[in-house]
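Note on naming: letters A, B, ... go to the chains in the order of the sequence lines (proteins, then strands), and numbering restarts at 1 for each one.
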Number of protein chains: 2
Amino acid sequence: MIKEKGQALLNYINNYVSLTEIEAEILLSKVTYRKYLKGQFIVQQGDVCKYECFVLSGCTKTFYIDEEGQEHIVMFSIEDWWTSDIGSFITQTPADFNVQCLENTELIMFSYDIIEDLYEAIPKLERFFRQIIEKAFVASQKRIVRSFSLSAKDRFIYFRNQYPKIEQRIPQYMIASYLGITKEFLSKIKSELIFEQ
Amino acid sequence: MIKEKGQALLNYINNYVSLTEIEAEILLSKVTYRKYLKGQFIVQQGDVCKYECFVLSGCTKTFYIDEEGQEHIVMFSIEDWWTSDIGSFITQTPADFNVQCLENTELIMFSYDIIEDLYEAIPKLERFFRQIIEKAFVASQKRIVRSFSLSAKDRFIYFRNQYPKIEQRIPQYMIASYLGITKEFLSKIKSELIFEQ
DNA sequence: TAATAACGTTAATCTAGTTTAATATTTTAT
DNA sequence: ATAAAATATTAAACTAGATTAACGTTATTA
């Protein structure tokens, strides 16, 4: 089962480091393939996050609920992205975030218990994960920059251009939450954009 | 020279991985010690960033200038922190950010040209940098969360509690810029906080 | 020790985005 | 096909924070 599914992961890794046949086999023997249904939770706020997950298909949202019960979406993940609460994963402390499936979702899961063995067996993976996380960090910093220097309208335009596939698949009120604005205001922005055309 | 100065770096690294005497020597032989004066630039927007820098003493701000000529401070770095434009460093493309010294500053610099050799010579460093950057990424994500769910006043209170040393050393208008608000509004917040006591 | 530059405060006016609430549209299940 | 649930729109009243501009205070330096 994992073998056919694993190919997408191997292709992805191949963009960063090249694994030998044997290394690829070891890797796939250590990770877990799993399907989730729409609505199910991969991580729940308060639990310790046991997995870093590579998305084969489907879509997830990462969010938290603030003291007023308000939901704030931090990121979406689709095919060839990662999803997890990394803060919880690396420190093995309770998660700040929930990760919930917005569609039926197929994952390859790297568990905390095997990842050290995996680094041991395939030292190249240390480099691979370093490079992945470097990219994620840079993206996160750039998002902070945008949140400070762009208006809500410009952030929406950026989002729409950057992630056109995600915009199609996700209800508008979740995009508003991701952008840090209300659904009503996003609705207003969209009607302005249509009018401007 | 680098030997005495290097000890702070070795102590820091020791929190993550343990280097042998020989590895420590190799490391210190490959990195560069350098002093900057207050006001000098370590990185300039538009240049390719050649170094990741560990701060031995002093203080820097990382900022960019937007299209309207407005300065936005992204982070401060003091002793035992890192400073660089990592996005520029890892891709070797022009920097989005400036890094400027707010005090006379001593650094240990890891150049792009030697860092690959260093990973080769001391594979443990791959793990070290992975762990550092994981922590930086988590901190960055949490900052995004705060910027969405906290008011300016609460972000300031958080900053003041989290980085009391930095608050003392830095002019208030720079803290306002870091928080994403105007200096006038921060002034108002502070007077409210005093009044509330 | 005066002068200048850098930094900080206050207050009035303005605006991007929120809140509330009612209505419209689309999707899903029966 | 119809009802119910989920999602989206619109508009009026409101607020956090920006802008402008004038004035105070603290550091630097001549």
Whether the Asn98(B) and Gln44(B) side chains hold a donor-acceptor pair (N or O, under 3.5 Å, no angle test) is what I'd like checked. no
Ile181(B) CD1 to dT15(C) P: how many Å, rounded? 21 Å
Considering only heavy atoms, which members of residues 163-177 of chain B lie under 4.0 Å from some atom of DNA chain C? Pro171(B), Gln172(B), Tyr173(B)
Any donor-acceptor N/O pair, Asp85(A) side chain to Ala95(A) backbone, under 3.5 Å: no
Between Ser57(B) and Glu106(B), a side-chain donor and acceptor under 3.5 Å: yes
Could you tell me how far apart Lys188(B) (NZ) and dA12(C) (P) are, to the nearest whole angstrom? 11 Å
Round to a whole Å and report the spacing from CG of Leu186(B) to P of dT10(C). 12 Å
Just how far, in rounded Å, is P of dG17(C) from CG of Leu150(A)? 10 Å
Going by atom types only, do Arg146(B) and Tyr158(B) share a side-chain donor-acceptor pair under 3.5 Å? yes
Taken to the nearest whole Å, NZ/Lys153(A) to P/dT18(C) is 15 Å
I'd like to know whether CD of Gln92(B) has more than 12 heavy-atom contacts from other residues, nucleotides or ligands below 6.0 angstrom. yes
Do you see a donor-acceptor pair shorter than 3.5 Å between the side chains of Tyr16(A) and Lys135(A)? yes
Indicate whether any N or O donor in one side chain lies under 3.5 Å from an N or O acceptor in the other, for Thr60(B) and Tyr36(B). no
Could you check whether the rings of Tyr119(B) and Phe129(B) sit parallel, tilted or perpendicular, using 30° and 60° as the cut-offs? perpendicular
Ser151(A) side-chain N/O to dA16(C) phosphate OP1/OP2 under 4.0 Å: no
Walking along DNA chain D from 5' to 3', note the first and the last nucleotide with an atom under 4.0 Å from a heavy atom of chain A, and give both. dT7(D) to dT10(D)
Rounded off to whole Å, could you give me the CZ-to-P distance for the Phe185(B) and dA12(C) pair? 16 Å
Would you say Glu103(A)'s side chain and Lys38(A)'s backbone share a donor-acceptor pair under 3.5 angstrom? no
Quick test of your reading of the model: are Glu134(A) and Arg130(A) salt-bridged, counting only N-O distances below 4.0 Å? yes
Could you state the atom-to-atom distance from CD of Glu184(A) to P of dA21(C) in whole Å? 12 Å
Do other residues, nucleotides or ligands put more than 12 heavy atoms under 6.0 Å from the CD atom of Gln168(B)? yes
When the rotation axes relating C1' atoms of four end pairs to the next four are compared across the helix from dT1(C)-dA30(D) to dT30(C)-dA1(D), five pairs an end, they differ to 10° by 50°
Return whichever of Lys183(B) or Ser187(A) has its heavy-atom-nearest nucleotide of DNA chain D closer to the 5' end. Ser187(A)
